[in-house]
Amino acid sequence: IVLVHGFSVPYFLYDPTFRFLTQAGFRVLRYDLFGRGFSDRPHVDYNLDLFVNQLTNLLDALRITQPVNLIGLSMGGLIASAFTVRHPERVNKLVLIDPAGAKSIALTPMLKAAKIPFVAETVLGLVGGEGLVQSNARDFFDPALVDHFSAQYRIQMQYKGFKRAILSTIRNGLLESFIHVYEALGKMDKPTLLFWGRNDNTVPLEHSQLLCTAVPQITFHIVEDCGHIPHYEKPDVVNPILLDFLRRT
């Protein structure tokens with residue numbers, strides 16, 4: 001099983017899922033996307049091709065040739081879907097968690113400013129990345145989880161190039177619509193499971209309607225009293241459904 005995280009939160013986002021799946025007997029791989037966590041921050045365009053190629057090269061480097069089960073959250077859902085469309089022979093099953101890309105995401109004022117050359121660099125230089133930290137609080141329905149989550153998030157901000165990578169990701173349109181990717185996925189016979197937090201303020205539940213139309217074979221579960229990261233916020237709800245899907249033949 002390969003876990004693909006989203007826009008800016010690195011692989012610690014999958015701590016509960018990683019523990020659960022390894023204890024259930026699965027081999028699990030998680031990694032940081034370029035520009036995040038402990039991965040490099042190369043001076044390149046942070047676009048969909050970069051992240052799909054990163055996953056391809058990672059599997060090749062680890063000599064993982066058998067089909068994998070992919071789990072992708074938010075922007076990671078888009079990356080996992082695009083990888084599946086481009087390399088269908090390398091994917092067994094696909095799990096999407098509040099995926100981005102069915103429709104453009106409504107940007108916060110800070111993210112809108114990130115599209116303006118020089119302005120965003122100046123603002124981030126003055127206020128640092130605390131705006132990014134605070135924006136992650138929107139991902140939760142339960143505020144009790146925010147402080148621990150934010151402390152883990154700040155670690156990656158100590159490494160040069162993080163903010164540059166985030167700006168490039170926004171400017172290369174990774175938060176816009178990629179419905180054509182999901183429409184291509186819908187023409188395949190890949191078993192696909194979808195989770196969505198009822199109270200997601202980042203990628204609203206209404207986006208799921210477009211996704212379910214594009215991918216008719218999808219199995220859909222709404223997680224109640226939950227924000228953008230249901231596998232992290234409501235693991236007791238998500239994990240049994242996930243395990244049944246992965247073990248089903």
**Message:** I'd like to check the side chain to side chain donor-acceptor pair (under 3.5 Å) partners of Arg63; sequence neighbours left out, ordered by chain and number.
**Reply:** none
**Message:** Which heavy atom of Val223 sits nearest to which heavy atom of Phe195, and what is that distance?
**Reply:** CG2-CD2, 4.3 Å
**Prompt:** Would you call Phe141 and Asn201 a side-chain contact if the rule is heavy atoms closer than 4.5 Å?
**Reply:** no
**Request:** Could you tell me which residues satisfy side chain to side chain donor-acceptor pair (under 3.5 Å) with Ser168, sequence neighbours excluded, listed by chain and number?
**Result:** Asn172
**Complete:** Applied to residues 44-85, the ring-ring contact (aromatic ring centres under 6.0 Å, His included) test, sequence neighbours excluded, yields Phe83-His87
**Item:** Any pair counted as side-chain hydrogen bond (donor to acceptor under 3.5 Å, both in side chains), so long as it reaches residues 228-242, sequence neighbours left out
**Value:** Ser74-His228, Asp200-His228
**Asked** Taking all atoms of both residues into account, what is the closest heavy-atom pair of Phe18 and Thr22, and its distance?
**Response** O-OG1, 2.8 Å
**Prompt:** Counting only N and O atoms by type, is there a donor-acceptor contact under 3.5 Å from the side chain of Asp32 to the main-chain atoms of Pro10?
**Reply:** no
**Complete:** Sequence neighbours excluded, the answer for side chain to side chain donor-acceptor pair (under 3.5 Å) partners of Gln152 is His148
**Asked** Of the non-hydrogen atoms in Val85 and Leu185, which two are nearest, and what is the gap between them?
**Response** CG2-N, 3.8 Å
**Non-neighbouring partners of Thr169 that pass side chain to side chain donor-acceptor pair (under 3.5 Å), sequence neighbours left out** = Arg36
**Message:** Below 30° counts as parallel, above 60° as perpendicular, anything between as tilted: where do the rings of Phe149 and Tyr153 land?
**Reply:** parallel
**Message:** Using the ring pair (Phe, Tyr, Trp, His ring centres under 6.0 Å) criterion, which residues pair with Tyr31? Sequence neighbours excluded.
**Reply:** none
**Fill in**
What one should report as the nearest heavy-atom pair of Leu96 and Pro99 is CB-CG, 3.9 Å
**Request:** Please report the closest heavy-atom contact between Leu70 and Val91, naming both atoms and the distance.
**Result:** CD1-CG2, 3.9 Å
**Request:** Mind checking side-chain contact (heavy atoms from CB on, under 4.5 Å) for Leu205 and listing every partner two or more places apart, or none if nothing turns up?
**Result:** Trp196, Arg198, Ser208, Phe220, Ile222
**Pairs touching residues 95-104 that satisfy salt bridge (Lys or Arg N to Asp or Glu O under 4.0 Å), sequence neighbours left out** = Lys103-Glu206
**Message:** Considering only residues two or more places apart or on different chains, which pairs with a residue in residues 12-29 satisfy salt bridge (Lys or Arg N to Asp or Glu O under 4.0 Å)?
**Reply:** Asp15-Arg30
**Within residues 53-78 or reaching into it, pairs that qualify as ring-ring contact (aromatic ring centres under 6.0 Å, His included) - sequence neighbours excluded** = none
**Fill in**
So the salt bridge (Lys or Arg N to Asp or Glu O under 4.0 Å) pairs with at least one residue in residues 65-85 (sequence neighbours excluded) are none
**Message:** For a quick test of reading the model, state the closest non-hydrogen atom pair linking Lys190 to Pro88 and the distance between them.
**Reply:** NZ-O, 2.6 Å
